[in-house]
Undergrad: 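Here it is, the structure in full.
None of these values were measured; they are calculated from a predicted model.
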Amino acid sequence: MNKKVAFYTLGCKLNFSETSSISRMFENRGYEKVDFQDNPDIFIINTCSVTENADKKCKKVVKEAKKINPDAFVTIIGCYAQLKPKEISEIKGVDAVLGAAEKFQLIDKLDGFTKKDKPRVLASDIKEAKSFNNAFSINDRTRTFLKVQDGCNYHCAFCTIPLARGKSRSDTIENIVKSAKQIASEDVKEIVLTGVNTGDFGIQDGKRKERFVDLVKQLDDVEGIERFRISSIEPNLLTNEIIEFVSQSKRFVPHFHVPLQSGSNKILRKMRRRYLRELYEDRVAKIKQLMPQCCIGVDVIVGFPGETDEDFLETYHFLKELPVSYLHVFTYSERPNTDADEMDEVVPMRVRNERSKMLRSLSEKKKRAFYEENVGREEVVLFEKDIHDGLMEGFTDNYVRVVAKYDPILINELKKVKLTNLTAEGLMEVTEVETEVLQH
């Protein structure tokens, strides 16, 4: 009887791509992949250290797993597992914890998934995480997340990622193009390129051997994939060459997600970011000059130590004036073993929450304004599998989320539509422009 295995992923697109690849390893070894609720024999929980309350979330998922099958073997992997392996091994119900260097060998390392007297902790020092493990998600959703880079050589004062994932390293362009062709053969229409510091792509065996822009140029020729999206790229790595290429490319869509973190140069320096607000403003202007309809997403952190009301208002007004489309707002939270954790001038949590609220409200306004700019345009939408209340959703290439009446024929198809008006919930309604689904 084949053992049944279920997966649960917390965190980022990179984690989703890795969970998907690990699940294929299990299937190739004869395990049966099932849903979390389907009484699995093995639970694999892939954790994140970036979101707040990582420990609480991890405990909660373990507790649910044990309710479903008290005898199941519970394995914890991911960033949080690398940072706090001992702590996690003490969570009631956990059988094994694997670090960054071990997680891709977990089937071999946990031979047969038989329980021992005490939890097994297999987490070596992060310096051991040197190899690049190819990963992409498939069959999980209409879009596929393709990992092109891992780790980070930047040491921002607030971030634990270098401790959780190690140094920057990448796959080769040749391998990534091969993976993209394999994904295309599975009838996937859109690939999202993902990494910890995606724009730093090209480091192999500790040396820079290739460039992100050259990867983008080669992927643009992969037949069968209609759209490539860059998940997130640092402003100092988003060169004119990349922006110019995307603006004329066949397959790369007009959508960039560019972390800012603060609109105050004083705070950017304290955070040890590698740019100032002037460079950020310049990148946004360049994008909008070449692609006026481009969607630009922004990451921003509020309540970093030393952020005064003046610093926050500087960020607020900077973002208010910038032609960006939406914000991902993070309330600063202390992380052990980071420089920011040692800093004075701690911002009270009440103030952090107020600032978050203000920026989230600004984000809603920005998003609505961006959507309104798109009303009346004809766009191609890729419809997804998610169905709610008889409606299906999809995205235009510039990341406007649209809703339409459910039609099974449209799932995973590209369809030309006219963007007609916004719903009260802020979704775009559409009318059909042509009867035939686009074929390429």
Side-chain angles (χ1 to χ4, degrees), residues 12-13 16-17 136-146 180 183-184 186-194 198 219 224-233 246-247 249-258 287 291-299 324-328 363-364 366-423 425-434 437-440:
C12 64
K13 296 181 171 95
F16 276 98
S17 72
F136 54 85
S137 59
I138 216 146
N139 299 333
D140 303 335
R141 47 187 72 192
T142 315
R143 282 171 294 166
T144 282
F145 301 127
L146 172 59
I183 293 165
E186 301 275 349
D187 197 32
V188 171
K189 304 286 199 301
E190 181 175 317
I191 290 178
V192 183
L193 302 183
T194 183
T198 312
L219 287 173
I225 299 295
E226 300 295 338
R227 292 176 175 179
F228 283 98
R229 212 176 278 279
I230 300 167
S231 66
S232 180
I233 184 164
V246 169
S247 75
S249 111
K250 302 188 281 279
R251 294 183 168 85
F252 277 80
V253 295
H255 174 206
F256 291 98
H257 192 90
V258 192
I287 292 167
M291 295 168 269
Q293 295 301 327
C294 187
C295 178
I296 303 174
V298 184
D299 286 342
V324 294
S325 319
Y326 63 89
L327 315 175
H328 282 172
S363 179
E364 285 302 312
K366 286 272 179 199
K367 189 175 172 188
R368 196 160 187 102
F370 175 66
Y371 276 30
E372 278 166 358
E373 278 170 29
N374 280 272
V375 169
R377 288 170 56 84
E378 288 186 4
E379 288 284 350
V380 174
V381 170
L382 176 61
F383 282 99
E384 307 208 336
K385 292 177 191 167
D386 302 334
I387 317 296
H388 304 285
D389 303 327
L391 295 172
M392 62 195 304
E393 296 184 354
F395 285 95
T396 62
D397 60 1
N398 67 338
Y399 213 55
V400 172
R401 186 192 283 270
V402 309
V403 291
K405 206 158 127 281
Y406 170 62
D407 179 346
I409 285 174
L410 287 183
I411 290 176
N412 196 31
E413 294 294 353
L414 290 150
K415 184 85 173 148
K416 195 166 190 186
V417 296
K418 186 170 185 178
L419 310 182
T420 50
N421 62 284
L422 280 180
T423 65
E425 294 79 39
L427 292 170
M428 184 70 78
E429 292 186 321
V430 296
T431 53
E432 211 170 308
V433 170
E434 50 181 80
V437 167
L438 289 186
Q439 294 295 340
H440 286 261

Undergrad: Rounded to the nearest 0.5 Å, how far does CG of Asp397 lie from CZ of Arg251?
TA: 14.0 Å
Undergrad: Counting C-beta onward and ignoring hydrogens, is there a side-chain heavy-atom pair between Val192 and Glu190 closer than 4.5 Å?
TA: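 Yes - at least one pair of side-chain heavy atoms lies under 4.5 Å apart.
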Undergrad: Any sub-3.5 Å donor-acceptor pair from Asp407's side-chain atoms to Ile409's backbone N or O?
TA: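 Checking the backbone N and O of Ile409 against the side chain of Asp407, a donor-acceptor pair under 3.5 Å is found.
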Undergrad: Can you tell me if Lys250 has over 12 outside heavy atoms packed within less than 6.0 Å of its NZ?
TA: yes
Undergrad: Given the rule in the side-chain contact (heavy atoms from CB on, under 4.5 Å) test, do Glu429 and Leu422 qualify, once you have shown the distances and angles that lead to the verdict?
TA: CA-CA 6 Å; Glu429 292 186 321; Leu422 280 180; over 6 Å; no
Undergrad: Could you tell me if the side chain of Tyr326 sits less than 4.5 Å from the side chain of Glu364, heavy atoms only?
TA: no
Undergrad: Test your reading of the model: is there a side-chain donor-acceptor pair from Asn398 to the backbone of Gln293, 3.5 Å cut-off?
TA: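 Yes: the side chain of Asn398 pairs with the backbone of Gln293.
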Undergrad: Ignoring hydrogens, what is the shortest heavy-atom contact between Thr396 and Val381? Give both atom names and the distance.
TA: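 In this case the closest contact between Thr396 and Val381 is CG2-CG2, 3.8 Å.
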Undergrad: Just by modelled atom types, is the Leu327 backbone N or O under 3.5 Å from a matching donor or acceptor in the Ser363 side chain?
TA: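 It does hold such a pair.
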Undergrad: In sequence, state the C-alpha distance, the side-chain angles, and the governing distance for Phe395 and Val253, and then conclude on side-chain contact (heavy atoms from CB on, under 4.5 Å).
TA: CA-CA 11 Å; Phe395 285 95; Val253 295; over 6 Å; no
Undergrad: Give, for atom CG of Leu410 and atom CG of Leu382, the distance between the pair rounded to the nearest 0.5 Å.
TA: 10.5 Å
Undergrad: Of the non-hydrogen atoms in Arg227 and Ile225, which two are nearest, and what is the gap between them?
TA: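 For Arg227 and Ile225, the tightest heavy-atom pair comes out as O-CG2, 3.3 Å.
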Undergrad: Rounded to the nearest 0.5 Å, how far does CD1 of Ile183 lie from OG1 of Thr144?
TA: 5.0 Å
Undergrad: Less than 4.0 angstrom from a charged side-chain N to a carboxylate O is my criterion; do Lys189 and Glu226 meet it?
TA: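 No, Lys189 and Glu226 are not salt-bridged.
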Undergrad: Are any non-hydrogen side-chain atoms of Val258 and Val298 less than 4.5 angstrom apart?
TA: no
Undergrad: Do the non-hydrogen side-chain atoms of Phe252 and Leu219 ever get within less than 4.5 Å of each other?
TA: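 Yes. Closest side-chain heavy atoms under 4.5 Å.
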Undergrad: So that I can tick it off, tell me whether Glu432 and Lys418 are bridged by a salt bridge, with the cut-off set at under 4.0 angstrom between side-chain N and carboxylate O.
TA: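 Salt bridge between Lys418 and Glu432, a charged N being under 4.0 Å from a carboxylate O: no.
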Undergrad: Would you sort out whether Phe370 and Val324 count as a side-chain contact (heavy atoms from CB on, under 4.5 Å), showing the intermediate values?
TA: CA-CA 8 Å; Phe370 175 66; Val324 294; over 6 Å; no
Undergrad: Could you tell me if the side chain of Glu393 sits less than 4.5 Å from the side chain of Val402, heavy atoms only?
TA: no
Undergrad: Indicate yes or no for a side-chain donor-acceptor contact from Tyr399 to the backbone of Ile296 under 3.5 Å, with no hydrogens or angles considered.
TA: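 Not at all, since once roles are kept as given, no pair shorter than 3.5 Å links the two residues.
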Undergrad: Between CE of Met291 and CZ of Phe256, what distance do you get to the nearest 0.5 Å?
TA: 4.5 Å
Undergrad: So that I can tick it off, tell me whether Arg377 and Glu379 are bridged by a salt bridge, with the cut-off set at under 4.0 angstrom between side-chain N and carboxylate O.
TA: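 Yes.
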Undergrad: Working to the nearest 0.5 Å, report the span between NZ of Lys405 and CG of Leu391.
TA: 9.5 Å
Undergrad: Atom CD in Glu373, atom OG in Ser325: separation rounded to 0.5 Å?
TA: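 Answer for the CD-OG pair, Glu373 versus Ser325, is 7.5 Å.
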Undergrad: Return yes if some donor-acceptor pair links the side-chain N/O of Ser231 with the main-chain N/O of Leu193 below 3.5 Å, else return no.
TA: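 The answer is yes, because a donor-acceptor pair under 3.5 Å joins these two groups.
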Undergrad: Minimum heavy-atom separation for Leu419 and Val430, please, with both atom names.
TA: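 Looking at all heavy atoms of both residues, the shortest contact is CD2-CG1, 3.6 Å.
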Undergrad: Ignoring hydrogens, what is the shortest heavy-atom contact between Met428 and Thr420? Give both atom names and the distance.
TA: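 Nearest pair, atom of Met428 first, then Thr420: SD-N, 4.3 Å.
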Undergrad: Applying side-chain contact (heavy atoms from CB on, under 4.5 Å), run through His257 and Ile233 and close with a yes or a no.
TA: CA-CA 6 Å; His257 192 90; Ile233 184 164; over 6 Å; no
